[in-house]
Amino acid sequence: MEEENSLIEQRKANLAALREKGIEPFANKFTPNETCAGARENYEEGREVALAGRMTAFRTMGKSIFLDIRDGSDRMQVYAQKNALGEEAFEVLKKLDLGDFLGVKGTMFTTRTEEITLKAESFTVVGKALRPLPAKWHGLSNIETRYRQRYLDLIANLDVKDVFYKRSAIIREIRDFMHERGFIEVETPTMQAVPGGAAAQPFVTRHNALGCDFYLRIALELYLKRLLVGGMDRVFEIGRNYRNEGISPRHNPEFTMLEAYQAFGDYETMMELLESMITRVAEKVVGTLVIEHKDSEGNVTRTIDLSRPWRRVKYKELIREKGGDDWFDISPDERRQRAIDLGAEIAPDYEDFEVTNGLFEKLIEPTLIQPTFVTHLPKELIPLAKLSPEDPTTIEVFECCINGQEIAPAYTEQNDPVAQREALVNQAGEEQQKLDDDFLTALEHGMPPAGGIGIGIDRLIMMLLGQESIRDVLLFPQLKPKSEG
RNA sequence: GCCUCGAUAGCUCAAUGGUAGAGCAGUUGACUCUUAAUCAAUUGGUUGAAGGUUCGAGUCCUUCUCGGGGUACCA
């Protein structure tokens with residue numbers, strides 16, 4: 001990026017040498033008639049093919065050369081002989097650098113070591129690499145370079161590439177699933193005048209022509225509910241949320257969320273939806289319901305069994321399990337002390353329900369490795385859901401935890417505009433959702449009862465693919481820019 | 001934000017406070033079935049940046065930059 005080094009100068013010299021011979025190393029066009037994988041599948045001795053790819057290995061044998069080219073599908077060995085290509089072309093080939101893009105025409109054959117190989121009859125240089133690629137054997141392991149220059153990571157580490165191919169397959173399966181269930185996919189504003197639907201710090205941006213600030217959305221919820229009011233009974237959106245908060249192995253400032261709303265459903269409808277969706281995606285993309293997470297040495301560190309049915313348990317039961325049967329009978333001060341004694345970090349300004357929730361988030365959630373629907377959370381925690389008739393201090397919601405993380409919350413959505421306004425106005429705790437009057441106006445026009453769910457797609461993918469950091473399922477995780485000089 | 005660990009050749013890594021090194025790739029040469037090709041020779045460094053201590057600093061100290069982990073914030 002900065003000053004030249006000798007490796008780059010060498011490659012530039014090779015580029016100039018090619019041009020001097022009248023060869024344009026960035027040829028405008030070479031059209032392969034097959035992929036490397038296709039050529040392997042359709043192998044037939046003597047079959048003529050044209051393949052193109054990046055040269056990733058180069059083994060000269062005097063008057064013959066073995067080299068590898070790689071495209072998006074696979075690798076293919078190419079065999080080049082001096083007397084087949086002609087002396088001039090052979091000399092050109094010898095001056096190519098690892099990383100150059102090459103088109104090769106020739107015929108397929110099998111070497112003595114039984115490797116399917118393309119015997120070159122002609123080749124075209126279609127893209128010259130002026131910088132060296134990471135070493136082929138040690139690969140690229142510097143974490144910062146892997147994230148800043150993800151393209152190098154994708155070239156050097158095939159398992160990284162596999163993660164992102166699978167990420168694509170997972171999202172595609174999810175879309176197919178939702179469409180089969182009669183949901184339609186919509187797109188709602190990412191720039192919002194009132195950032196609602198969650199209580200997170202937003203990013204602010206400025207619209208010059210309108211002369212006002214907008215917020216990047218922190219949730220999709222309130223716009224999708226407007227669509228329920230409008231008669232779109234089953235809607236979903238897969239989109240980016242932005243939260244101006246800390247970065248960690250489980251948090252990136254922008255992350256992908258799926259939210260779905262189904263009119264005349266409730267939180268139990270959403271349980272069935274989530275179980276069906278995730279088990280299907282796991283079977284189709286990962287090929288199993290038993291997910292193994294491994295450490296860097298390949299030892300299995302945890303096994304997640306997604307077989308149905310998943311555990312269902314009430315929030316208060318889990319709290320009593322961890323905090324004692326009398327947890328809800330003792331005084332708030334005693335609860336605070338007990339939470340601290342148990343090892344939960346409790347800030348001095350926490351209100352009583354936050355103390356209990358601290359116990360849940362710090363000491364219970366991380367232990368929920370197997371899929372678990374935690375239901376009936378205290379009403380103070382979520383203002384957008386309906387109270388539970390059997391216990392009106394709680395709401396009809398679940399948080400689905402897998403792999404020690406919250407993967408998906410779902411509610412029986414509040415559709416009473418008066419109760420909704422009250423819940424938003426009277427929110428307890430530090431963080432509050434902003435009051436979105438346009439949303440409340442929409443509710444006053446009548447929203448059907450509905451079940452709604454939000455699925456953290458990145459965390460879901462981490463769980464399914466055994467990745468320990470959200471950065472390893474995001475192609476370009478957020479990093480601080482390198483300062484100049 | 002706080003705590004902590006780290007940054008050495010293109011890549012992966014060494015180097016008691018005492019001459020900055022290895023493998024790979026690169027360069028030159030040999031070789032028409034190699035595939036981490038092999039063999040021979042060889043180039044390559046402002047040790048993340050700036051100061052300081054010392055006869056002497058990659059190594060010790062201070063500040064800064066970037067990154068990893070933890071923690072706080074994230075209903």
Side-chain angles (χ1 to χ4, degrees), chain A residues 1-11 13-14 56-68 75-85 90 95 97-99 109-115 117 119 129-148 152 155-156 197-202 218-219 241 243-253 255 345 347 350-351 353-354 357-358 360-362 377-385 395 397 399 406 409 423-424 427-433 468-469 471 477 479-485:
Chain A
M1 274 143 276
E2 47 308 308
E3 71 287 350
E4 299 291 283
N5 65 48
S6 61
L7 294 177
I8 294 175
E9 278 178 21
Q10 186 64 48
R11 284 164 180 258
N14 288 343
T56 55
F58 192 74
R59 300 177 287 277
T60 68
M61 303 280 307
K63 294 187 180 64
S64 72
I65 298 172
F66 285 93
L67 59 91
D68 292 351
R75 176 193 80 94
M76 178 60 70
Q77 177 166 266
V78 175
Y79 182 48
Q81 291 168 297
K82 189 172 186 175
N83 56 16
L85 285 173
F90 194 75
K95 294 308 285 182
D97 295 301
L98 285 180
F109 79 110
T110 306
T111 64
R112 276 174 217 161
T113 52
E114 308 241 299
E115 175 157 357
T117 299
K119 187 177 285 180
L130 295 181
R131 287 175 182 273
L133 296 176
K136 64 182 173 223
W137 183 239
H138 290 292
L140 177 68
S141 61
N142 182 288
I143 290 175
E144 189 173 351
T145 309
R146 285 186 48 226
Y147 295 155
R148 278 193 203 281
L152 296 179
I155 292 166
Q201 291 296 314
I218 56 174
N241 282 344
R243 296 188 181 178
N244 203 343
E245 287 155 0
I247 295 178
S248 84
R250 285 161 300 282
H251 299 87
N252 194 68
F255 61 98
E345 285 184 35
Y350 272 14
E351 293 186 33
F353 76 91
E354 290 176 303
N357 200 48
F360 177 73
E361 286 187 351
K362 300 283 156 43
L377 273 63
K379 65 179 185 340
E380 293 86 355
L381 289 175
I382 298 163
L384 296 165
I395 39 182
V397 303
E399 282 195 357
E406 182 191 337
L424 285 173
Q427 277 174 93
E430 276 281 300
E431 295 293 334
Q432 297 204 349
Q433 297 194 18
E468 302 307 320
S469 170
R471 297 179 189 109
L479 293 178
K480 200 162 178 175
K482 282 272 196 189
S483 53
E484 295 297 316

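Throughout, a chain's letter reflects where its sequence line sits, starting with A, and its residues are numbered from 1. No experiment lies behind these values; they were computed from the predicted model shown.
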Inset, instruction - Under 4.0 Å between any heavy atoms, over every strand shown, what does A/Tyr350 touch: base, sugar-phosphate, or nothing? Just pick one. - result: sugar-phosphate
Inset, instruction - Give the rounded distance in Å between these two atoms: CZ of A/Arg131 and P of B/G26. - result: 17 Å
Inset, instruction - Tell me what A/Asn142 touches on the nucleic acid: a base, only sugar-phosphate, or nothing, going by heavy atoms under 4.0 Å. - result: sugar-phosphate
Inset, instruction - May I ask you to test the A/Phe58-A/Ile65 pair for a side-chain heavy-atom distance under 4.5 Å? - result: yes
Inset, instruction - Starting from C1' on B/A72, measure out to CG on A/Asn244 and report it in whole angstrom. - result: 15 Å
Legend entry - Rounded distance in Å between the P positions of B/U59 and B/G52: 14 Å
Inset, instruction - Look only at the side chain of A/Glu361 and the backbone of A/Gly358, and say whether a donor-acceptor pair between them is shorter than 3.5 Å. - result: no
Legend entry - Pairing stems for RNA chain B [at least three consecutive pairs; Watson-Crick or G-U; under 3.5 angstrom]: B:1-7 with B:65-71, B:10-13 with B:21-24, B:26-30 with B:38-42, B:48-52 with B:60-64
Inset, instruction - Give A/Leu140 one of three labels, base, sugar-phosphate or nothing, depending on what nucleic acid heavy atoms sit under 4.0 Å from its own. - result: sugar-phosphate
Legend entry - Sugar-phosphate only, base, or nothing, as touched by A/Arg146 at under 4.0 Å among non-hydrogen atoms: nothing
Inset, instruction - Would you mind classifying the nucleic acid contact of A/Glu115 as base, sugar-phosphate or nothing, using non-hydrogen atoms under 4.0 angstrom? - result: base
Inset, instruction - Locate the shortest heavy-atom distance separating A/Thr56 from A/Leu98; write the atom from each residue and the value. - result: C-CD2, 3.7 Å
Legend entry - Student check: side-chain heavy atoms of A/Leu7 and A/Pro132 closer than 4.5 Å: yes
Legend entry - A/Glu406 CD - B/A75 P separation (whole Å): 8 Å
Legend entry - Residue met sooner reading RNA chain B from 5', once A/Pro249 and A/Lys119 are mapped to nucleotides: A/Lys119
Inset, instruction - Determine the interatomic distance between C1' on B/U42 and the same-named atom on B/A22; round to the nearest Å. - result: 15 Å
Inset, instruction - May I have the distance from A/Leu130 (atom CG) to B/G26 (atom C1'), rounded to whole angstrom? - result: 15 Å
Inset, instruction - Take atom NE2 of A/His251 and atom C1' of B/G70, then tell me their distance rounded to the nearest Å. - result: 14 Å
Legend entry - A/Leu133 CG - B/A36 P separation (whole Å): 18 Å
Inset, instruction - Please identify each residue that fulfils side chain to side chain contact (heavy atoms under 4.5 Å, CB included) with A/Thr145, with sequence neighbours left out. - result: A/Leu140, A/Asn142, A/Gln149, A/Leu152
Legend entry - Donor-acceptor pair present, A/Glu345 side chain and B/U71 base, under 3.5 Å: no
Inset, instruction - Can you check whether any acceptor in the base of B/U32 is under 3.5 Å from a donor in the side chain of A/Tyr79, or vice versa? - result: yes
Inset, instruction - Scan A/Gly99 against the nucleic acid and name what it touches under 4.0 Å (heavy atoms): base, sugar-phosphate only, or nothing. - result: nothing
Legend entry - Sugar-phosphate, base or nothing in reach of A/Leu479, heavy atoms under 4.0 Å: sugar-phosphate
Inset, instruction - Starting at atom CD1 of A/Ile65, determine the distance to atom P of B/U38, rounded to an integer number of angstrom. - result: 17 Å
Legend entry - Shortest non-hydrogen contact from A/Ile395 toward A/Ile382: CD1-CB, 3.4 Å
Legend entry - Side-chain N,O (A/Lys480) to OP1/OP2 (B/C66) below 4.0 Å: yes
Legend entry - Separation of B/A72 C1' from A/Glu245 CD (nearest whole Å): 12 Å
Inset, instruction - Return the nearest nucleotide to the side chain of A/Lys362; candidates are B/G69, B/A75, B/A72. - result: B/A72
Legend entry - Pairwise C1' distance, B/G21 and B/C39 [rounded to whole Å]: 23 Å
Inset, instruction - Using the P atoms only, state how far B/A50 lies from B/U8, rounded to an integer number of Å. - result: 16 Å
Detail all sub-3.5 Å separations between protein N/O atoms and N/O atoms belonging to nucleotides 29-31 of chain B.
unit_1 : atom_1 : unit_2  : atom_2 : d
B/C31  : N3     : A/Gly62 : N      : 3.3
B/C31  : N4     : A/Thr60 : OG1    : 3.2

Inset, instruction - Answer with base, sugar-phosphate or nothing: what part of the nucleic acid does A/Leu98 contact at a heavy-atom distance below 4.0 Å? - result: sugar-phosphate
Legend entry - Distance in Å, A/Leu85 CG paired with A/Phe90 CZ, rounded so as to fall on 0.5 Å steps: 7.5 Å
Legend entry - A/Thr113 side-chain proximity, nearest of B/U28, B/U34, B/U32: B/U34
Inset, instruction - Using a 4.0 Å heavy-atom cut-off across all strands, classify A/Arg148 as base, sugar-phosphate, or nothing. - result: sugar-phosphate
Legend entry - Side-chain ion pair, A/Glu468 and A/Arg250, N-O less than 4.0 Å: no
Legend entry - Interatomic distance at P, B/U47 relative to B/A7, whole Å: 14 Å
Legend entry - ring pair (Phe, Tyr, Trp, His ring centres under 6.0 Å) involving A/Phe360 - partner list, sequence neighbours excluded: A/Tyr315
Legend entry - Rounded P spacing from B/U28 to B/C60 in Å: 41 Å
Legend entry - Polar pair under 3.5 Å, donor/acceptor by atom type, side chain A/Ser248, base B/U71: no
Legend entry - Side-chain N,O (A/Arg471) to OP1/OP2 (B/G68) below 4.0 Å: yes
Inset, instruction - To the nearest 0.5 angstrom, please state how far the CD atom of A/Gln77 sits from the OG1 atom of A/Thr117. - result: 4.0 Å
Inset, instruction - Determine the contact category for A/Ile143: base if any of its heavy atoms lies under 4.0 Å from a base atom, sugar-phosphate if only primed atoms, P, OP1 or OP2 are that close, otherwise nothing. - result: sugar-phosphate
Legend entry - Nearest-angstrom distance, C1' atom, B/G10 to B/C3: 35 Å
Inset, instruction - Identify, with sequence neighbours excluded, every residue that meets side chain to side chain contact (heavy atoms under 4.5 Å, CB included) alongside A/Arg471. - result: A/Tyr147, A/Ile247, A/Ser469, A/Pro477
Inset, instruction - May I ask you to say what A/Ser141 touches in the nucleic acid, namely base, sugar-phosphate or nothing, with a heavy-atom cut-off under 4.0 Å? - result: sugar-phosphate
Inset, instruction - Could you tell me whether the side chain of A/Gln10 has a donor or acceptor atom within less than 3.5 Å of a complementary atom in the base of B/U27? - result: no
Legend entry - Non-neighbouring partners of A/Ser64 that pass side chain to side chain contact (heavy atoms under 4.5 Å, CB included), sequence neighbours left out: A/Met61, A/Tyr79, A/Gln81
Inset, instruction - Could you give the distance separating B/G17 and B/U54 at their C1' atoms, to the nearest angstrom? - result: 9 Å
Inset, instruction - Kindly say whether A/Ile218 contributes a backbone atom to a donor-acceptor pair with the side chain of A/Arg243 at under 3.5 angstrom? - result: yes
